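In this text, all values refer to a predicted model and were calculated from it rather than measured experimentally. Along the sequence shown, residues are numbered consecutively beginning with 1.
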Amino acid sequence: MTKYVTNSFIETVALAKKLALELKKNCVIGFIGDLGAGKTAFTTGFVEGLGINAEVSSPTFAICNVYQGETAKVYHFDMYRIETWDDLYTCGYYDSLDDNAYVLLEWSENIFAALPDDAVIIKIEKLGENDRRFTVMTKAEAEA
């Protein structure tokens with residue numbers, strides 16, 4: 001378990017860029033954090049860190065946004081409205097796991113049982129208006 005604190009959007013993006021280079025391809029990252037915690041800001045930096053030139057936006061209404069670069073692909077899901085196993089299949093989650101891509105999941109706690117055992121969990125806590133604490137852990141550590 002590793003903890004980081006950022007004090008601005010720019011620092012959050014920089015942290016995510018750094019982690020994008022450290023995590024293996026085909027990695028599933030589940031975010032846990034309140035509304036406005038910084039899940040999409042983190043995704044912005046992650047996508048940039050992989051060298052993908054894309055306008056990152058919250059997948060709230062689309063449920064999934066896909067960002068494609070020359071050497072990497074990112075699926076960015078919002079699982080807030082996913083309530084059943086059928087919803088999970090329909091939204092393309094399982095297909096994304098077989099695409100040798102990074103899979104980033106907002107509201108991952110809603111599908112926690114469906115996350116692979118080797119998923120990386122990032123808990124984001126608001127410490128202040130711009131201050132955030134990111135706790136990076138394994139799925140097993142998050143369950144404890």
Enquirer: Taking all atoms of both residues into account, what is the closest heavy-atom pair of Ala20 and Leu50, and its distance?
Expert: O-CD2, 3.7 Å
Enquirer: Check this for me: Tyr80, atom OH, are more than 12 non-hydrogen atoms of other residues, nucleotides or ligands nearer than 6.0 Å?
Expert: no
Enquirer: Count the heavy atoms of every other residue, nucleotide or ligand shown that sit under 6.0 Å from CD of Glu70, and state whether that count exceeds 12.
Expert: no
Enquirer: Who pairs with Asp131 by side chain to side chain contact (heavy atoms under 4.5 Å, CB included), at least two apart in sequence or on another chain?
Expert: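 By the side chain to side chain contact (heavy atoms under 4.5 Å, CB included) rule, Asp131 matches Asn7, Leu127.
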Enquirer: What is the minimum heavy-atom distance between Leu23 and Ile29, and which atoms define it?
Expert: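 So the minimum-distance heavy-atom pair works out to CD1-CD1, 3.6 Å.
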Enquirer: Could you tell me whether Gln68 atom CD has more than 12 heavy atoms of other residues or ligands within 6.0 Å of it?
Expert: yes
Enquirer: Hey, is the main chain of Arg133 close enough, under 3.5 Å, to the side chain of Lys123 for a donor-acceptor pair?
Expert: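 Between the backbone of Arg133 and the side chain of Lys123 there is no qualifying donor-acceptor contact (under 3.5 Å).
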Enquirer: Shared ILVMFWY cluster between Ile10 and Val47, side chains joined below 4.5 angstrom?
Expert: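 No, because Ile10 and Val47 fall into different hydrophobic clusters, even though each may have its own neighbours under 4.5 Å.
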Enquirer: Would Glu48 and Thr44 count as a side-chain contact (heavy atoms from CB on, under 4.5 Å) if you check the C-alpha gap in whole Å, the side-chain angles of each, and the deciding distance to 0.1 Å?
Expert: CA-CA 6 Å; Glu48 286 180 17; Thr44 297; 3.6 Å; yes
Enquirer: What distance do Lys18 atom NZ and Phe46 atom CZ have between them, rounded to the nearest 0.5 Å?
Expert: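 Taking NZ in Lys18 and CZ in Phe46, the distance rounds to 12.5 Å.
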Enquirer: Under a 4.0 Å threshold between the charged nitrogen and the carboxylate oxygen, would Lys39 count as salt-bridged to Asp34?
Expert: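 Salt bridge: no.
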Enquirer: Would you check if the side chain of Tyr93 reaches a backbone N or O of Met79 as a donor-acceptor pair within less than 3.5 Å?
Expert: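 Not at all, since once roles are kept as given, no pair shorter than 3.5 Å links the two residues.
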Enquirer: Treat each ILVMFWY residue as a node, draw an edge where side-chain heavy atoms are under 4.5 Å apart, and state whether Val13 and Tyr67 are in one component.
Expert: no
Enquirer: Closest approach of Trp107 and Leu35, non-hydrogen atoms and distance?
Expert: CH2-N, 3.7 Å
Enquirer: Ion pair present between Asp99 and Lys73, side-chain N to carboxylate O less than 4.0 angstrom?
Expert: yes
Enquirer: Verify whether one side chain among Asp78 and Thr60 offers a donor that lies under 3.5 Å from an acceptor in the other.
Expert: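 Side chains of Asp78 and Thr60: pair found under 3.5 Å.
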Enquirer: Quick check on side-chain contact (heavy atoms from CB on, under 4.5 Å): which of Glu143, Lys3, Met1 does Met137 satisfy it with?
Expert: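 So the option named by the test is Met1.
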Enquirer: Measure centre to centre between the rings of Tyr102 and Tyr75, then say whether the value is under 6.0 Å.
Expert: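 Aromatic pair excluded; centres sit 6.0 Å or further apart.
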Enquirer: Could you report the tightest heavy-atom contact between Cys64 and Val66, atom names first, then the distance?
Expert: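 For Cys64 and Val66, the tightest heavy-atom pair comes out as SG-CG2, 4.1 Å.
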Enquirer: Given 3.5 Å as the limit, does a donor-acceptor pair link the side chain of Arg132 with the main chain of Val5, or not?
Expert: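 No, Arg132 side chain to Val5 backbone: no donor-acceptor pair under 3.5 Å.
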Enquirer: Are Leu104 and Ile63 grouped together when hydrophobic residues (ILVMFWY) are joined by side-chain heavy atoms under 4.5 angstrom apart?
Expert: no
Enquirer: Measure the OH-CD1 distance between Tyr4 and Ile122 for me, rounded to the nearest 0.5 Å.
Expert: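 Here the interatomic distance stands at 9.0 Å.
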Enquirer: How long is the span from the CD1 atom in Ile121 to the CG atom in Leu115, to the nearest 0.5 Å?
Expert: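 The CG atom of Leu115 is 5.0 Å from CD1 of Ile121, to the nearest 0.5 Å.
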Enquirer: Is there a path of hydrophobic side-chain contacts, each under 4.5 Å between heavy atoms of I, L, V, M, F, W or Y residues, that connects Ile111 with Trp85?
Expert: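 Same hydrophobic cluster.
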Enquirer: With rounding to the nearest 0.5 Å, note down the distance linking CZ in Phe77 to OG in Ser96.
Expert: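 It comes to 4.0 Å.
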Enquirer: Could I get the full list of ring pair (Phe, Tyr, Trp, His ring centres under 6.0 Å) partners for Phe31, not counting sequence neighbours?
Expert: Phe42
Enquirer: For the CD1 atom of Ile82 and the OG1 atom of Thr90, what is their distance to the nearest 0.5 Å?
Expert: 8.0 Å
Enquirer: Any chance you could measure Asp117, atom CG, to Lys139, atom NZ, to the nearest 0.5 Å?
Expert: 5.0 Å
